[in-house]
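Count residues from 1 along the sequence. Both ligands and their constituent atoms are indexed starting at 1 by order of listing. As the structure is a computational prediction, the values presented were derived from the model and not from experiment.
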Amino acid sequence: MTDLYAVMGNPIGHSKSPQIHTAFAKITDQEMLYSAILVPLDGFDTAVDDFFRRGGKGLNITVPFKENAWRYADQFSARAQRAQAVNTLMKLQDGSILADNTDGVGMVRDIVVNQKVAIEGKRVLILGAGGAVRGVLQPLLEQKPANVTLANRTVSKAEALARDFADLGEIAACGFADVCGEFDLIINGTSASLAGELPPIPASCVTAETVSYDMMYSNETTVFNQWALDQGALKTIDGLGMLVEQAAEAFLLWRDVRPDTEGVMNAIREDCRR
Ligand code: ATR
């Protein structure tokens, strides 16, 4: 029987996950079907119950249900437990539900492997302190950056996050205006770009060696990456690679095979341009 997988979210219409996982299944020769399910805002648990009752094997979870999924699961990977947010669920042999968060490992793989940008020993600035940033901090800190500065509009949220992850590395928190010094890697994890806005950080934190990474992706250079280029940044990367790599990590968990991501990334990029 064909194994069933899906992504759940609200909205879900623009999700690229079905396209990505269908391509992965094809290149790894796996017999599976992957669909997108629109879940009512108050209906997450019921939808997941139904899916697994119908024989579903695994789910990806997207906005706004990543914390619901964390509460739903029975067992957790260490990074999911840290993140307290989950983008991947899997039904185990004994019927229990295992949760993972592959966003951070996907982002790190995109930076280090695809883009060949080392994080070890680097000065890293992260903008934002919401779910997206919480989801990537453990895998990022495991790369042993020299230090991490978390800057957020609401400073108390950055401070709370820095406290939660302080045992994993040197991590400080501040507001945007208080960011000082130069950084090797600046990661935009705010949702400001959705509104075409820029986190107001000083231009002096960008040097000719700085790499900027926007967790968002778009057909054109994102507002944040354009700002970094205008300040003389060395290189900009958007979140499309992270999207495909987090999917590949979920696929690996479910199917025990890691698909080659390069061709799929190129196809999705082409698709965005159309
Ligand atoms: P996500 O799951 O995408 O992280 P979230 O948890 O709602 O969503 O977090 C959104 C992040 O983007 C927060 O860090 C938020 O700042 P606040 O904590 O101060 O709300 C940040 N953000 C959203 N809009 C922003 C804007 N216009 N300028 C700067 N930061 C913004």
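- Every atom of ligand 1 is numbered from 1 in the order shown, and the set under 4.0 Å from a heavy atom of Glu197 is 26 (C), 27 (N).
- Side chains of Thr210 and Glu182: no donor on one and acceptor on the other come within 3.5 Å.
- Considering backbone and side-chain N/O atoms, Phe176 never comes within less than 3.5 Å of an N/O atom of ligand 1.
- A salt bridge links Arg109 with Glu245: at least one charged nitrogen is closer than 4.0 Å to a carboxylate oxygen.
- Checked for salt-bridge contact, Arg82 and Asp167 meet the test: a charged N lies under 4.0 Å from a carboxylate O.
- With salt bridges taken as basic N to acidic carboxylate O contacts below 4.0 Å, none links Asp45 and Arg71.
- Polar contact with ligand 1: present for Ala132 (N/O pair, distance under 3.5 Å).
- Nearest protein heavy-atom neighbour of atom 12 (O) of ligand 1: Ser191 N, 3.0 Å.
- By the definition of a contact as any protein heavy atom under 4.0 Å away, atom 7 (O) of ligand 1 is not in contact.
- Taking every heavy atom of Gly128 and a limit of under 4.0 angstrom, the matching atoms of ligand 1 come to 14 (O).
- Residue Lys157 has at least one heavy-atom neighbour below 4.0 Å for each of these atoms of ligand 1: 17 (P), 18 (O), 20 (O).
- Here the shortest heavy-atom distance to atom 15 (C) of ligand 1, taken over Asn152, Thr62, Val133, Leu127, belongs to Asn152.
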